Structure formats: C-alpha cells, structure tokens
There are 2 protein chains.
Amino acid sequence: MKSRKVSLKDIAHSAGVSTALVSYVLSGKEKEYRVGLDMALKIKAIAKELKYQPNLLAKGLRSGKTYTIGLIIADISNPFFANIAREIEDEAEKNGYTVIIGSSDENAARSWKLMNVLINRQVDGFIIVSAENSEKLVYQLVEIGMPFVLLDRHFPEIQTDFVVTNNAKASYDACRHLIERGYKKIGLIAYKSDLFHMRERIRGYRQALNDNRMGFRANWLKEVYFETIAVEIRQAIDDMVSAESPVDALIFATYGLAINGLKYINELRLKVPDDLGIVSFGQAEVFDLYYCPITFMKQPIELLGKTAVDVLVKKILNPDEEQIQISMDATLVERESSTART
Amino acid sequence: MKSRKVSLKDIAHSAGVSTALVSYVLSGKEKEYRVGLDMALKIKAIAKELKYQPNLLAKGLRSGKTYTIGLIIADISNPFFANIAREIEDEAEKNGYTVIIGSSDENAARSWKLMNVLINRQVDGFIIVSAENSEKLVYQLVEIGMPFVLLDRHFPEIQTDFVVTNNAKASYDACRHLIERGYKKIGLIAYKSDLFHMRERIRGYRQALNDNRMGFRANWLKEVYFETIAVEIRQAIDDMVSAESPVDALIFATYGLAINGLKYINELRLKVPDDLGIVSFGQAEVFDLYYCPITFMKQPIELLGKTAVDVLVKKILNPDEEQIQISMDATLVERESSTART
DNA sequence: CAGATTTGTTTAATCGATTAAGCAATCAGG
DNA sequence: CCTGATTGCTTAATCGATTAAACAAATCTG
C-alpha cells in the first residue's frame with residue numbers, strides 16, 4: 001500500500017539513464033539540452049507510467065523559488081476577507097502560485113509570528129492586510145528584500161507597494177448620500193485605531209459634513225475598541241440615540257461594526273430607516289436579507305484581490321520594478337436603509 | 001538591503017565549527033549528542049545575533065515531514081467553511097502545523113488538481129470536505145498511504161476516518177420541531193446530489209414526516225443543482241407555494257440554499273413565519289439579523305474543526321491507528337422563524 | 001582522412017538541513 | 001602507565017531536484 005514516492009532517480013533507473021536527462025526532459029528543456037527524441041519520449045512514457053510527481057520541496061530548495069504566496073489577513077471568518085482570499089486564491093492559481101493564508105486577529109504579534117513561519121517556508125512574496133502597529137513587519141520585509149504588497153490598508157508614512165480602496169472618498173460618498181437623502185444628524189461608528197484606512201473613513205465623513213455645512217456633535221462620532229466591540233457598541237449607540245440631539249442616520253465603518261450595531265438596533269426596536277438611516281462598509285449576504293436591505297459601500301473585492309496578486313507577481317519577477325500604488329473607488333449600492341427623509 | 005539568507009553553514013563558519021554541531025544545538029539535541037555547554041551557548045548566541053531562520057524546505061526535504069496540512073473545502077467564501085477553516089487553522093497551529101487551504105468549488109476535477117498540488121508540496125496529511133464524485137481522491141490517498149480525514153461529508157461505502165455531523169438526525173430534529181410547532185405541510189429544499197450528507201438530510205426529513213404520520217407530496221421535496229441554484233430555487237419555491245397543496249414551512253438543507261431561498265421569499269413578499277415557517281442548516285450572522293430571525297441547526301463547528309485536526313495529527317503520528325469515525329449532533333437553535341402555529 | 005563541430009549523455013556540485021559513523025582527546029580505574 | 005569509557009567534535013552521506021561542465025561518439029568540413 002505504502003508505495004514509496006517516485007523520484008527522478010527511479011525514472012532514471014528504469015530508463016537506464018542519468019537523472020540529469022530525466023530532469024531535462026520533464027522540465028521541458030529537452031531542446032535546450034538536446035536530448036534525443038526517442039529518449040525523451042521514453043522518459044516521458046515511464047514518468048507517466050510510474051505516475052511521477054515532482055517533489056516541490058526539493059525543487060524549491062534548489063531553485064530558491066516556491067511559487068507560494070503568503071497571505072496575512074485579519075480573520076478568514078470575516079466575509080470581506082474570506083471573499084478577498086478567494087479571489088486571491090483564484091488569481092494566484094492562474095499565475096501558477098499557491099496561497100498560504102494566515103489570520104492575524106488584528107494582532108501585530110500574531111502577524112509577526114505568522115510572517116516568520118511563512119518566511120521560513122520560503123514563500124516568494126506576501127500579500128498583507130496590516131494589523132495595527134505592524135509597521136515593523138513592513139520594515140522587516142523591506143530589509144530582507146522580500147517582495148510584498150499591502151492590501152486594503154497601508155501606512156502613508158512608509159513607501160511601499162499597495163492596493164487599497166479610496167476610503168476617504170468612500171466615506172465621504174456614504175455621508176453625502178445620507179445628506180442628499182435628507183438626513184440631518186449623521187453619526188459614524190468606527191474602530192478606535194491608528195490604521196490609516198480607519199482614519200480616512202473618519203476624515204471623509206467629517207469632510208462631507210463640513211462641505212455640506214451640516215452640524216456635528218462629538219457624540220455622533222464613536223470609536224470603539226475591536227477587542228470589546230460587543231459591549232462598547234451598545235454604549236456607543238445608546239449615547240448616540242439618546243443624547244439631547246440624537247442621530248437620525250448612522251454609518252458603520254466596517255462589516256463587523258454593522259453586524260454588532262444592527263443586532264443592538266434590533267434589540268432597541270429602532271426601525272430602519274424611519275428611526276435611523278443606515279449606510280455600511282463591508283459586504284455580505286446579510287445586507288440584502290436584512291428586513292430593510294442595507295445601503296453599503298461596495299468595495300471592488302474582485303479587482304482588489306486580482307490586482308494585489310498581479311502586482312505581487314510582477315514584483316517577484318522583477319524586484320526592481322518601481323513602486324506600484326493603486327487606489328480604487330468603492331461604489332455606493334443604494335438599498336432601502338437610506339430611503340429619503342420626507 | 002538584500003542580505004542573503006543565513007544558513008547553518010554561516011553560523012558554523014562564524015563559530016568555527018561544523019554544521020553538524022550547529023544543527024544539534026539548534027534542534028535541541030545538544031544533550032543527546034553531548035555538545036559542550038559553552039559551545040552550545042556560543043552557537044545559540046551567534047544564531048540569535050545573525051537572526052538565523054531555518055529553511056523549512058530543506059528541513060522537510062531531509063526529514064520527510066513538513067508539518068503542513070492540506071485543507072480542501074468547497075469554497076472559502078462560504079461562511080460555514082470559512083468558520084471551520086478558521087478553527088482548523090487555530091487548532092493546527094497549536095499542534096505546530098500550518099494549513100494550506102484550497103477551494104474545490106464542489107468540483108471533483110478541481111479537487112483532484114488541488115490534491116496533487118498539495119501532495120507535491122509534501123503536506124503531511126489532508127482534511128477534506130469531499131465534492132461530489134470525488135471518491136477517486138479518497139482511493140488515491142489510501143493508495144499512497146497519505147493520512148487524511150474526511151470532514152462534514154463522508155462516503156459510507158468507503159472505510160475512512162471521518163468527522164461529520166449526524167445529518168439524518170439533524171434533519172429529523174428540524175422537521176420534528178416544525179411538526180411540534182404545528183406546521184402541517186413541511187417542505188425541504190436540498191441540493192441535487194449523491195453526497196451522503198445530502199441524502200441523509202433528505203432521509204431524516206422523510207423519516208420525521210413518516211414517524212409523525214404527516215402527509216407528504218412530491219412537490220414538497222425539491223432538489224436543485226448547485227450550479228444553477230439561483231434560477232432553480234425560484235422555480236422550486238414557486239412550485240411549492242403555489243401548488244394545490246402549498247407548504248406552510250420550509251427547511252433549507254444548506255446555508256447557500258437558505259440565502260437564495262430567502263431572497264426570493266422576500267421578493268414574493270411572503271411573511272416569515274406567518275406565511276411560511278423556516279428552519280435552515282448552516283449558520284451565519286444573517287440568520288440573526290433577518291427580520292424574523294431564522295431557526296437553524298447549529299453544527300458544532302468549533303468541535304468539528306478541532307476534532308478533525310486532532311484525528312489527523314494522531315493519524316500522522318501513527319498511521320496504523322485504528323479507524324476513527326466521529327459523528328456529532330447538531331443542536332436546534334430556536335428563533336422566531338418557526339414560531340408555533342396557532 | 002585529420003581535425004572541428006555537433007549530438008547525446010554522464011558526472012558531480014549544489015540548495016540547507018539532518019544524522020550515523022568515525023576520530024581525537026581526556027579521564028577513570030587497576 | 002595501559003586500557004576502556006566518555007566527552008566533544010568532524011566527516012560525509014542523504015533527501016530530490018537542477019544545471020554547469022565534461023566527455024564520448026557521430027557527423028561534418030575541406
């Protein structure tokens with residue numbers, strides 16, 4: 001049963017030739033190394049008969065290329081990341097690469113550990129959705145000359161390749177949309193974070209309010225900690241709706257915030273959009289199936305994933321390629337949760 | 001910038017000793033191979049200073065162990081699989097293993113291709129959520145003596161290790177629950193599939209109807225093709241609700257069916273649970289946030305994932321371990337979508 | 001037909017680690 | 001002081017592939 005693995009040597013032996021010849025033939029270099037036609041055929045036949053499968057470890061060790069991409073994301077069980085992972089997987093396969101995914105839990109230490117495991121496995125490059133305070137990773141990758149692309153989030157003060165959404169604009173558009181629909185007191189719930197994409201989502205919102213001469217109150221903008229989201233978001237919403245000047249619309253800066261927020265809004269029996277208009281970031285089936293389908297900023301997930309892979313592959317093939325920085329627009333998908341105020 | 005990688009040889013050179021010694025020390029075998037204490041310390045110090053990182057390809061090549069698990073699932077962007085992948089990832093890490101995930105798209109050919117890529121990468125074992133008609137994979141793995149565990153689905157006619165949910169019971173419980181709540185004409189929408197878990201879900205449903213002397217009509221049981229789910233499910237539901245004897249409750253056999261079905265039910269403006277009681281398999285945020293939270297059969301995702309890894313690791317360590325076949329119960333989580341009929 | 005060229009194949013080093021076997025030097029015991 | 005055990009380290013083979021260099025035989029050239 002346990003038929004030992006078939007190696008080049010076995011084929012060579014069976015054909016009565018050296019392993020070199022077998023290698024030449026099976027790696028398609030028969031012309032280049034002028035292998036005899038009949039011998040080439042014979043070797044191919046034997047390889048097929050023995051069901052030869054190359055050992056990619058050996059290949060990688062020798063060649064220094066593993067055709068493997070390390071993907072570090074926050075959490076594969078978050079649909080945004082799961083979807084993007086799927087796109088990356090598919091695009092990578094098209095390019096002959098395999099993807100190894102790791103979840104960082106938005107935790108810099110875990111990211112660091114993951115990165116090292118993957119480096120030791122000799123991945124050819126990284127696609128990274130950065131966790132907070134993980135600049136160190138980026139510097140490390142630069143230092144060892146490892147190709148990488150930041151996805152979805154980047155550090156503006158560090159020069160790197162990246163593929164991201166234009167978050168300030170997305171947030172601006174979300175807010176402006178609510179304004180146009182007649183909402184007057186628009187709140188935003190975001191994560192408490194120094195990550196640029198989150199700062200941008202906050203900035204875009206503030207900007208839209210300003211540009212449209214809308215009022216703003218401190219309790220309309222809430223930043224909650226990722227780790228304690230469940231409790232904090234309740235306080236945040238309580239505060240936003242019960243204040244002397246309660247919000248009439250809410251923007252959720254991420255999918256996770258929306259899920260937690262909507263659950264509590266349901267508990268409070270607030271009706272969307274009559275009591276509260278909603279626009280959210282992220283995307284998932286839940287936005288369609290909510291009793292009042294949720295207006296959301298649709299990020300170009302497919303394109304983000306595909307582009308990240310393409311950029312990375314380009315970088316792997318030519319590390320001296322000049323820096324590639326791509327920012328894509330999100331599009332607003334209007335549903336009933338932001339129906340016009342009368 | 002591109003500081004070449006540090007190898008054992010570099011450390012050996014820097015310490016003025018042979019690579020063997022370095023290897024002994026860094027792999028913690030200093031006692032066993034009686035390395036001098038001061039030399040051991042010196043080597044460790046140099047390794048740390050040079051920031052030595054072992055090349056896992058070389059290690060794997062030499063030792064025949066890569067501490068890598070191949071995970072083949074239907075689709076990482078399906079929350080059920082994403083969640084289970086996450087559990088597997090975490091449990092694998094605890095055991096010192098890295099996971100490589102591939103999505104098969106419920107496609108046997110793609111599964112086969114994926115399996116081979118992973119075999120070539122010398123994974124130590126597989127966790128597989130089988131696609132239809134992929135018995136061949138199982139036979140292949142058995143033949144080459146590769147440890148593996150089937151997850152979520154298994155082939156009853158093939159003796160393998162597996163970790164699954166007791167689907168007949170789950171389905172039975174789902175149906176009985178609806179019966180107990182006073183529903184009289186209960187339908188089931190499943191996938192058209194020979195996969196055992198799907199047959200079992202259908203069987204459990206039929207059994208529950210029988211045991212409770214409930215009526216049954218052919219148009220209450222629909223099987224739709226995975227590939228054409230979006231159109232087919234509309235026909236199916238049309239047929240089920242508009243027949244001369246329309247259903248008053250519906251069981252969705254999977255998450256994907258539920259999503260598509262609920263969308264159409266919304267379109268039809270059918271009210272849950274008044275027009276239609278619902279129980280679904282699968283699990284996701286959407287069940288909580290639907291206007292009428294959905295009663296569902298909660299599979300023990302965490303335990304399924306964890307157990308699959310544990311079983312696989314056991315098999316890897318001791319391939320002659322006797323067969324491990326584990327079936328776990330799903331629990332019914334009651335929400336408003338199956339509120340009692342008056 | 002001698003020398004140059006081409007053709008077809010082998011030899012052996014290499015990637016980075018592991019590990020069995022071997023070899024000095026030191027030490028203990030008689 | 002000799003013998004045998006112990007300690008500390010080195011040598012070299014190995015995992016499975018790649019590939020530069022060498023080599024022998026066949027073919028060409030003038």
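By convention in this document, chain letters (A, B, ...) are assigned in the order of the sequence lines, proteins followed by strands, and residues within each chain are numbered from 1. Just so you know, these numbers use all the heavy atoms, side chains as well, and skip hydrogens, waters and symmetry mates. The shown structure was predicted, so the numbers you read here are calculated from the model rather than taken from an experiment.
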Check this for me, if you would: do B:Lys314 and B:Asp161 make a salt bridge, where the nitrogen-to-carboxylate-oxygen distance has to be below 4.0 angstrom? no
Can B:Glu89 and B:Lys306 be counted as an ion pair, charged N to O under 4.0 angstrom? no
Euclidean distance, atom NZ of residue A:Lys59 to atom P of C:dG16 [Å, nearest integer]: 19 Å
Nearest-Å distance, CG (A:Asp38) to P (D:dA26)? 14 Å
Establish, with yes or no, whether the OP1 or OP2 oxygen of D:dC15 is under 4.0 angstrom from a side-chain nitrogen or oxygen of A:Lys9. yes
Where each residue is assigned the nucleotide of DNA chain D containing its nearest heavy atom, which of B:Ala58 and B:Gly36 is assigned the position nearer the 5′ end? B:Gly36
B:Lys65 NZ to D:dT14 P: how many Å, rounded? 24 Å
Minimum side-chain heavy-atom gap A:Gln323-A:Phe162 below 4.5 Å: no
Aromatic ring pairing A:Phe196/A:His154, orientation class (parallel under 30°, perpendicular over 60°, tilted between): perpendicular
Could you provide the dot-bracket string of DNA chain D, using ( ) for intrastrand pairs, [ ] for crossing pairs and | for bases paired to another strand, with Watson-Crick or G-U pairs below 3.5 Å? ||||||||||||||||||||||||||||||
Would you mind reporting whether A:Tyr97 and A:Thr68 have side-chain heavy atoms less than 4.5 Å apart? no
Would you call A:Arg110-B:Glu93 a salt bridge at under 4.0 Å N-O? yes
Quick one: do the A:Thr66 and A:Arg121 side chains pair a donor with an acceptor below 3.5 Å? no
Do B:Lys51 and B:Val6 have side chains that approach each other closer than 4.5 Å (heavy atoms only, starting at C-beta)? no
Strand-adjacent residues in residues 40-54 of chain B, judged by heavy atoms under 4.0 Å from DNA chain D: none
Separation of atom NZ in B:Lys31 from atom C1' in D:dT6, rounded to whole Å: 16 Å
I need the CG-P distance between B:Leu8 and D:dC15, as an integer number of Å. 19 Å
Determine, stepwise, if the pair A:Tyr33 / A:Tyr24 fulfils ring pair (Phe, Tyr, Trp, His ring centres under 6.0 Å). CA-CA 7 Å; A:Tyr33 288 91; A:Tyr24 292 147; 4.1 Å; yes
Using atom names, set out every protein N or O paired with an N or O of nucleotides 19-22 of chain C below 3.5 Å, distance rounded to 0.1 Å.
from	atom 1	to	atom 2	distance (Å)
C:dT19	OP2	B:Lys29	NZ	3.0
C:dA20	OP2	B:Tyr33	OH	3.2
C:dA20	N6	B:Tyr24	OH	2.9

Would you kindly give the CG-to-P distance between A:Leu61 and C:dA17, to the nearest whole Å? 9 Å
Within 45° cone and under 6.0 Å: A:Lys48 NZ/CZ vs A:Tyr52 ring: no
Residues B:Asp75 and B:Ser77: side-chain donor-acceptor under 3.5 angstrom: yes
Just to confirm, is there a sub-4.0 Å distance from OP1 or OP2 of D:dT10 to any side-chain nitrogen or oxygen of B:Ser18? yes
Value in whole Å for how far the C1' atom of C:dC15 lies from CG of A:Asp124: 15 Å
A:Asn55 atom CG is separated from D:dT18 atom C1', nearest whole Å, by 13 Å
